[in-house]
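Reminder, nothing fancy here: chain letters follow the sequence lines and each chain counts from 1.
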Protein chains: 2
Amino acid sequence: MAPSSKKHRQQLTRSGSRQDRLTAYLREAGLRPTRQRMALAALLFDQGDRHVTAESLYSEALESGVKVSLATVYNALHTFTSKGILREISIDSSRSYFDTNVEEHHHFYFEKSGTLEDIDQSQIRLTRLPKTPGGLKISRVDVVIRVDG
Amino acid sequence: MAPSSKKHRQQLTRSGSRQDRLTAYLREAGLRPTRQRMALAALLFDQGDRHVTAESLYSEALESGVKVSLATVYNALHTFTSKGILREISIDSSRSYFDTNVEEHHHFYFEKSGTLEDIDQSQIRLTRLPKTPGGLKISRVDVVIRVDG
DNA sequence: CAAGCAGTTTAGAATTATTCTAATGTTAGG
DNA sequence: CCTAACATTAGAATAATTCTAAACTGCTTG
Ligand SMILES: [Mn+2]
Ligand SMILES: [Mn+2]
Ligand SMILES: [Zn+2]
Ligand SMILES: [Zn+2]
């Protein structure tokens with residue numbers, strides 16, 4: 001790779017298909033692939049399923065040398081959520097978790113560490129759901145198994 | 001009732017068996033039946049099952065003429081929870097709900113109004129719970145059905 | 001490849017829910 | 001009554017999140 005006119009670039013910025021995939025992913029979601037969104041999306045979507053908080057993602061971004069503000073992290077998390085590529089989980093009233101797994105699934109919550117682990121939908125059988133009051137539409141069913149450790 | 005040496009008392013302070021029941025209830029939970037706890041307990045436990053937030057209970061207390069501070073409401077909610085006569089529910093990361101129903105049960109969450117409604121345990125059949133990682137003990141299983149209205 | 005605008009980022013201030021502090025008041029037992 | 005432990009309180013402090021308004025950048029159009 002020839003040295004470019006810019007002083008330096010982020011490590012991850014060039015790499016062909018990975019970048020392209022992320023760009024396409026953001027575009028498909030109707031979002032501009034800006035520098036900070038790309039960097040955050042790389043952290044979020046280049047590993048397996050993840051559960052992050054705004055602070056945890058912000059720390060990661062800083063550690064990996066991405067220049068981004070906390071406000072932008074909040075913006076990105078909410079924007080990604082509204083576009084359906086993240087999902088928000090309320091499990092602890094002191095902070096929000098965001099989940100890269102947007103399929104229907106459930107969670108273990110480890111109370112001591114404050115961490116989450118996915119439970120595939122097939123692992124839980126929910127039968128006999130009650131009918132909703134007034135026949136209102138169900139937007140989501142969340143099962144959280146809180147465990148002690 | 002002869003006028004007492006104290007300037008005035010709260011309206012509800014005297015009333016025989018209802019007071020006595022609440023007093024006994026707090027005592028059994030290992031709590032001193034103080035004026036503000038009694039007043040809050042009356043609001044919480046004298047109606048059917050309730051779901052309150054600190055603010056909502058505080059407003060109610062003020063409206064009904066109970067002199068209590070917000071800090072005391074938080075103290076009482078947490079103390080009651082630690083003694084097992086309330087239970088805390090995290091459904092919305094912006095605030096905690098406290099539930100006077102401490103039996104195992106589940107909830108409808110009405111997203112527009114931010115209100116909760118109980119679902120009896122018998123109304124939901126949860127089969128095939130996955131085994132917990134490391135064989136950790138389950139402390140609670142919460143099912144929340146989010147509905148649109 | 002400009003030019004320009006909508007959309008994005010940002011620092012820092014503001015807001016909101018909740019917790020803390022330390023002083024004052026109350027309960028319950030002897 | 002006296003007292004010690006417990007509870008309440010106002011207000012300050014904290015922490016997560018949102019807002020503001022100005023600076024910036026991606027993208028479309030000429
Ligand atoms: Mn009920
Ligand atoms: Mn908060
Ligand atoms: Zn998940
Ligand atoms: Zn309930």
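Between A:Tyr58 atom OH and D:dT18 atom P there is a gap of 16 Å when expressed in whole angstrom units. Atom CG of B:Leu77 is separated from atom P of D:dA7 by 15 Å (rounded to the nearest Å). The CG atom of B:Leu62 sits 11 Å away from the P atom of D:dT9 (whole-angstrom rounding). Taking atom CD of residue A:Gln19 and atom P of nucleotide D:dG26, one finds them 13 Å apart after rounding to whole Å. A:Arg95 places its CZ atom 16 Å from the C1' atom of C:dA17, with the value rounded to the nearest Å. B:Glu55 places its CD atom 9 Å from the C1' atom of C:dT16, with the value rounded to the nearest Å. D:dG26 atom P lies 13 Å from atom CG of A:Leu26, rounded to whole Å.
OP1 or OP2 of C:dT19 has not a single side-chain nitrogen or oxygen of B:Tyr74 nearer than 4.0 Å. Applying the 4.0 Å criterion to OP1 and OP2 of C:dT19, one finds that B:His78 has a side-chain N or O inside that range.
Taking a 6.0 Å sphere around CD of B:Gln47, one finds it holds more than 12 heavy atoms contributed by other residues, nucleotides or ligands.
Pairs passing the salt bridge (charged side-chain N to carboxylate O under 4.0 Å, His left out) check and including a residue from residues 114-124 of chain A, sequence neighbours excluded, do not occur. Screening residues 128-149 of chain B for salt bridge (charged side-chain N to carboxylate O under 4.0 Å, His left out) gives A:Asp142-B:Arg146, A:Arg146-B:Asp142, B:Arg87-B:Asp142, B:Lys112-B:Asp148, B:Arg140-B:Asp142 as the qualifying pairs, with residues at least two apart or on separate chains.
By the side chain to side chain contact (heavy atoms under 4.5 Å, CB included) test, A:Glu28 pairs with A:Ala24, sequence neighbours left out. Taking B:Tyr74 as the reference, nothing meets the ring-ring contact (aromatic ring centres under 6.0 Å, His included) condition, with sequence neighbours excluded. Shown here are the ring-ring contact (aromatic ring centres under 6.0 Å, His included) partners of A:Phe45, two or more places apart in sequence or in another chain: A:Tyr25.
Cluster partners of B:Ile138 are A:Phe108, A:Phe110, A:Ile119, A:Ile124, A:Leu126, A:Leu129, A:Leu136, A:Ile138, A:Val141, A:Val143, A:Ile145, A:Val147, B:Phe108, B:Phe110, B:Ile119, B:Ile124, B:Leu126, B:Leu129, B:Leu136, B:Val141, B:Val143, B:Ile145, B:Val147, counting Ile, Leu, Val, Met, Phe, Trp and Tyr whose side-chain heavy atoms approach within less than 4.5 Å, directly or via other members. Taking a 4.5 Å side-chain heavy-atom cut-off between Ile, Leu, Val, Met, Phe, Trp and Tyr, the cluster of A:Ile89 extends to A:Ile91, A:Tyr97, A:Tyr109, A:Leu116, A:Val144.
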Would you mind building the protein contact string for nucleotides 7-13 of chain C? One character per nucleotide, 5' to 3', B for base within reach (heavy atoms under 4.0 Å), S for sugar-phosphate only, - for untouched. BSBBS--
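Relative to the axis of its first five pairs, the axis of the last five pairs of the helix from C:dC1-D:dG30 to C:dG30-D:dC1 sits at 30°, rounded to 10 degrees.
Across all strands shown, A:Thr53 has no heavy atoms under 4.0 Å from either base or sugar-phosphate atoms.
Between A:Thr81 and A:Glu88, the side chains place no donor N or O within less than 3.5 Å of an acceptor N or O (distance only, hydrogens not considered).
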